[in-house]
Number of protein chains: 2
Amino acid sequence: MQTILSDFTKHLKAEGLRLTKERVHLLETICSFKGHFIADDILFAIKSRRKSGSRATLYRLLPVLVKASLIQQSLLYDGQTKYEVTWNKAHHDHLICSSCSMVIEFKHNTIEILQREIANKYGFILDRHVMELVGRCKDCRRKNDVSPRLC
Amino acid sequence: MQTILSDFTKHLKAEGLRLTKERVHLLETICSFKGHFIADDILFAIKSRRKSGSRATLYRLLPVLVKASLIQQSLLYDGQTKYEVTWNKAHHDHLICSSCSMVIEFKHNTIEILQREIANKYGFILDRHVMELVGRCKDCRRKNDVSPRLC
DNA sequence: CCACTATTGAGACGTAATCTCAATAATATA
DNA sequence: TATATTATTGAGATTACGTCTCAATAGTGG
């Protein structure tokens, strides 16, 4: 059976990296999150579970996990680098309300195909992409359309 | 005639912000750049043109200009927040080589239309988007495909 | 089990960006 | 135009995020 850990192990070997307790522990912690998280969420979680755990090790691991396609980065427009687990999950992109920060996940096959075509046209092989649509949701538009009160 | 300054003025008024000398000066400086630039490029430019100019003011202005769609942010995958002027320019997205950092600008009308459709489907009105395709260019792939030397 | 080498962790460090607050400038109103 | 009101500015302190260093430690292949 294929687990995130077995895929991780495979990737480490392929890259000549070692499977250490700390890396496994970090991966487990990361997998416990639902949805988006930031580096500090992980740091806080590992420090509360047991004494040890260092920022350096975490920051060294994150790009490895991204490269292994176990997690992905997203912007979500509030300045902090956010991540989410993507292993065994359907790929999706984000639609974000610039007013209330609501995030909607969506997938669009045609766009995915077109993106690959574009890359190929320029001689690239596409590894990944970031696509984030920013707009205003129905509720926030309604709120703003209310005429200003006179008092 | 419509200038970037007149659009800027309009936007400021609409947002209840004031048209100040410093803001105009910053905008002029920003307009003098070709292609991508970072916050520090602007800071350096305004400090060399005249004595004054503060980081705080610049960083306060940048999100205003983004919101007014006069500039846009891009990631371009090297850790620093990059900007480019988008006023009166054909919109484009980026294709980036993860190995040599080459950037190709492209535009794809179908994708633009689909993006707007997606937003509408979820009740959003689309203001802007970020789409960056990351892959490996032909040259970098070739370099890596060379068999490793034995010594 | 040994030798070799990658990894870890604590904290120093670097850098981008934000915050503070008194002085100043822009706008609305009389 | 003068005045009142309020946003803006700027210098520097401060924060926040991420990277680096290096000695101690832990994996790994033989």
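Since the model is a prediction, treat every value here as computed from it, not as a measurement. We name chains A, B, ... by the order of the sequence lines, and we start the count at 1 in each one. Just the heavy atoms: all of them, side chains too, but no hydrogens, waters or symmetry mates, feed the values below.
Counting heavy atoms from C-beta outward, His25(A) and Thr29(A) have side chains that approach closer than 4.5 Å. His11(A) has its side chain out of reach of Leu65(A): every pair of non-hydrogen atoms, C-beta onward, lies at least 4.5 Å apart. Contact of the Tyr122(A) side chain with the Met102(B) side chain is not registered, since no non-hydrogen atoms from C-beta on lie closer than 4.5 Å. A heavy-atom distance below 4.5 Å is not found between the side chains of Leu70(A) and Thr86(A). Using a 4.5 Å heavy-atom threshold, the side chains of Thr3(B) and Phe8(B) count as separate.
A straight line from CG of Leu12(A) to C1' of dA26(D) spans 15 Å, rounded to a whole angstrom. Distance, Gln73(B) CD to dA16(C) P: 15 Å, rounded to whole Å. The interatomic distance linking Lys47(A) (NZ) with dG9(C) (C1') rounds to 9 Å, in whole Å. For the pair Phe44(A) CZ and dA16(D) P, the computed distance is 15 Å after rounding to whole Å. If you measure from atom CG of Leu43(A) to atom P of dT8(C), you get 14 Å, rounded to the nearest angstrom.
More than 12 heavy atoms of other shown residues, nucleotides or ligands fall within 6.0 angstrom of atom NZ in Lys107(A). Annotation for Lys13(B): atom NZ does not count as buried by contact number, only 12 or fewer foreign heavy atoms lying within 6.0 Å.
Interface residues of residues 54-67 of chain A facing DNA chain D, ordered by number: Arg55(A), Ala56(A), Tyr59(A), Arg60(A); criterion, heavy-atom separation under 4.0 Å.
Put simply, NZ on Lys47(A) and CG on Asp40(A) are 9.0 Å apart, with the number rounded to the nearest 0.5 Å.
Here the two rings, on His91(A) and His129(A), have centers that are under 6.0 Å apart. Aromatic rings of His36(B) and His94(B) (six-membered ring for Trp) have centroids within the 6.0 Å cut-off, being under it.
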Verdict with supporting geometry, Ser54(A) and Thr57(A), side chain to side chain donor-acceptor pair (under 3.5 Å): CA-CA 5 Å; Ser54(A) 103; Thr57(A) 305; 3.2 Å; yes
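In this structure, Arg23(A) does not reach the dA6(C) phosphate: none of its side-chain N or O atoms is under 4.0 Å from OP1 or OP2.
Axis deviation across the helix from dC1(C)-dG30(D) to dA30(C)-dT1(D) amounts to 50°, comparing end segments of five pairs, rounded to 10 degrees.
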Nucleotide-resolved protein contact map, nucleotides 25-30 of chain C, B/S/- at heavy-atom distance under 4.0 Å: BBS---
